[in-house]
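We count ligands from 1, going down the list as the structure has it; atoms in each ligand are counted the same way.
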Amino acid sequence: MRRAMADAEVGDDWYDDDPTVNLLQERCADAMGKEAGAFVPTGTMANQIGLRLHFRGPGHLVAAAAGLHVTSVEVMTAAALAGIAYRTIDAGPRGWIDAEQAAVLLEPDEFYNVEVVDLLSIENTVGGTGGRVMPLEELRAVRKVADDAGVPVHLDGARIFNAVVATGVDSAEIAAESTTMMFCLSKGLGAPIGSVLCGPAEIAREARRLKILYGGAWRQAGIVAAAGLIALQDGPKRLHEDHERARRLAEGIGELLPGSVDLDQVETNMVFVDTEAMGWPVERTLDRLATLGVGGTLSGKSIRLVTHLDVDDAGIERARTAIASAPV
Ligand SMILES: Cc1ncc(COP(=O)(O)O)c(C=O)c1O
């Protein structure tokens with residue numbers, strides 16, 4: 001990947017003439033069954049451009065489950081950059097909404113009795129609930145509710161390929177249930193940085209304008225796009241290993257600390273460990289894990305462990321043992 005980056009043919013992405021970026025955008029759009037793609041530095045920027053494309057302006061709403069990346073980490077970003085306010089609903093432990101919840105979200109405003117929701121934003125897999133996968137039939141049912149309400153759908157598919165690998169459903173089939181979508185070439189696919197917003201050709205011009213507006217026209221970005229091309233081609237092929245390791249890790253921790261891991265929640269590459277249920281202070285446990293060479297992050301009251309291409313079998317064993325000794 002580093003060699004491909006060094007050898008990349010580059011141009012000026014501001015003017016749409018970086019050949020490696022353009023090739024990556026085409027390939028990503030193809031993989032998602034969309035007509036156009038915009039390569040940007042971060043998933044956050046891809047989401048923010050995606051939301052803004054559909055948003056009619058302050059006073060309108062974007063509907064989404066509470067706790068998604070857009071409604072938690074990015075909530076102030078959306079407010080600051082576009083004046084976006086959300087209408088949210090608690091989707092429950094799985095994290096994704098069903099058709100009934102989508103219908104509640106898309107009801108006309110109770111005070112004005114007019115349509116104020118410009119967009120329904122969904123996420124698959126859902127990071128905040130452990131990388132859970134929204135089943136295709138649920139996705140289709142939600143899309144139908146949005147279609148009936150005349151509301152477009154934006155899919156935060158940061159980890160769409162984890163959903164692909166977990167279900168065997170093609171990326172384009174998942175993405176077909178959205179108007180615009182984004183996915184990350186970083187994270188599990190292994191590129192250092194980069195995400196791609198994909199959608200219909202008619203939004204490409206405005207997406208490009210917003211990309212420039214948000215500071216994302218990154219000149220000779222072909223250097224990074226070259227990594228993205230490899231991530232797109234090779235990354236998905238090995239994600240099943242991450243899923244297998246996550247399951248093994250979850251089972252191992254579950255055996256050592258019964259009740260600390262909900263195995264049903266482990267569908268892809270994340271393991272949530274509820275150490276508070278064991279009576280351990282979560283912050284101290286995280287510090288202790290770090291000293292044992294195991295990186296985890298806090299997600300609510302759980303420790304989130306993520307498997308990825310730099311975690312091998314020995315790493316899984318190390319993490320399992322470290323967790324067991326964490327409160328010592
Ligand atoms: C579901 C989801 N969407 C979007 C993002 C944002 O991606 P980035 O960190 O590249 O801005 C993340 C990051 O973790 C994520 O988990």
With nothing but distance in play, are any N or O atoms of [X] less than 3.5 Å from an N or O of ligand 1?
| X | value |
| --- | --- |
| Thr125 | no |
| Gly127 | no |
| Ser186 | no |

**OP:** Would you mind telling me which of Glu123, Gln101, Glu138 makes a side chain to side chain contact (heavy atoms under 4.5 Å, CB included) with Trp96?
**Re:**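 Of Glu123, Gln101, Glu138, side chain to side chain contact (heavy atoms under 4.5 Å, CB included) with Trp96 is met by Glu138 alone.
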Subject >> Glu100, CD: over 12 other non-hydrogen atoms inside 6.0 angstrom >> reply: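 At most 12 heavy atoms, drawn from other residues, nucleotides or ligands, come within 6.0 Å of this atom.
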Record the part of [X] in heavy-atom contact with ligand 1 below 4.0 Å; permitted values are side chain, backbone, both and neither.
| X | result |
| --- | --- |
| Met270 | neither |
| Ile193 | neither |
| Glu123 | side chain |
| Asp156 | side chain |

**OP:** Would you mind running through ligand 1 and noting each atom that sits below 4.0 Å from a heavy atom of Met182?
**Re:** 3 (N), 4 (C)
Subject >> Ligand-residue contact atoms, ligand 1 with Thr44, heavy atoms, under 4.0 Å >> reply: 6 (C), 7 (O), 8 (P), 11 (O)
Original post:
Is the closest side-chain heavy-atom distance between Ile212 and Arg209 below 4.5 Å?
Top reply: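 Side chain of Ile212 against side chain of Arg209, heavy atoms only: no contact under 4.5 Å found.
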Original post:
Can you tell me if Thr179 uses its side chain to pair, donor with acceptor, with the backbone of Val153 under 3.5 Å?
Top reply: yes
Subject >> Parallel, tilted or perpendicular: rings of His54 and His154 (30°, 60°) >> reply: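 His154 and His54: tilted rings.
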**OP:** Mind checking the CE-CG spacing from Met270 to Asp242? Nearest 0.5 Å is all I need.
**Re:** 10.5 Å
Original post:
Would you call Arg143 and Asp147 a salt bridge, using N to O less than 4.0 angstrom?
Top reply: yes
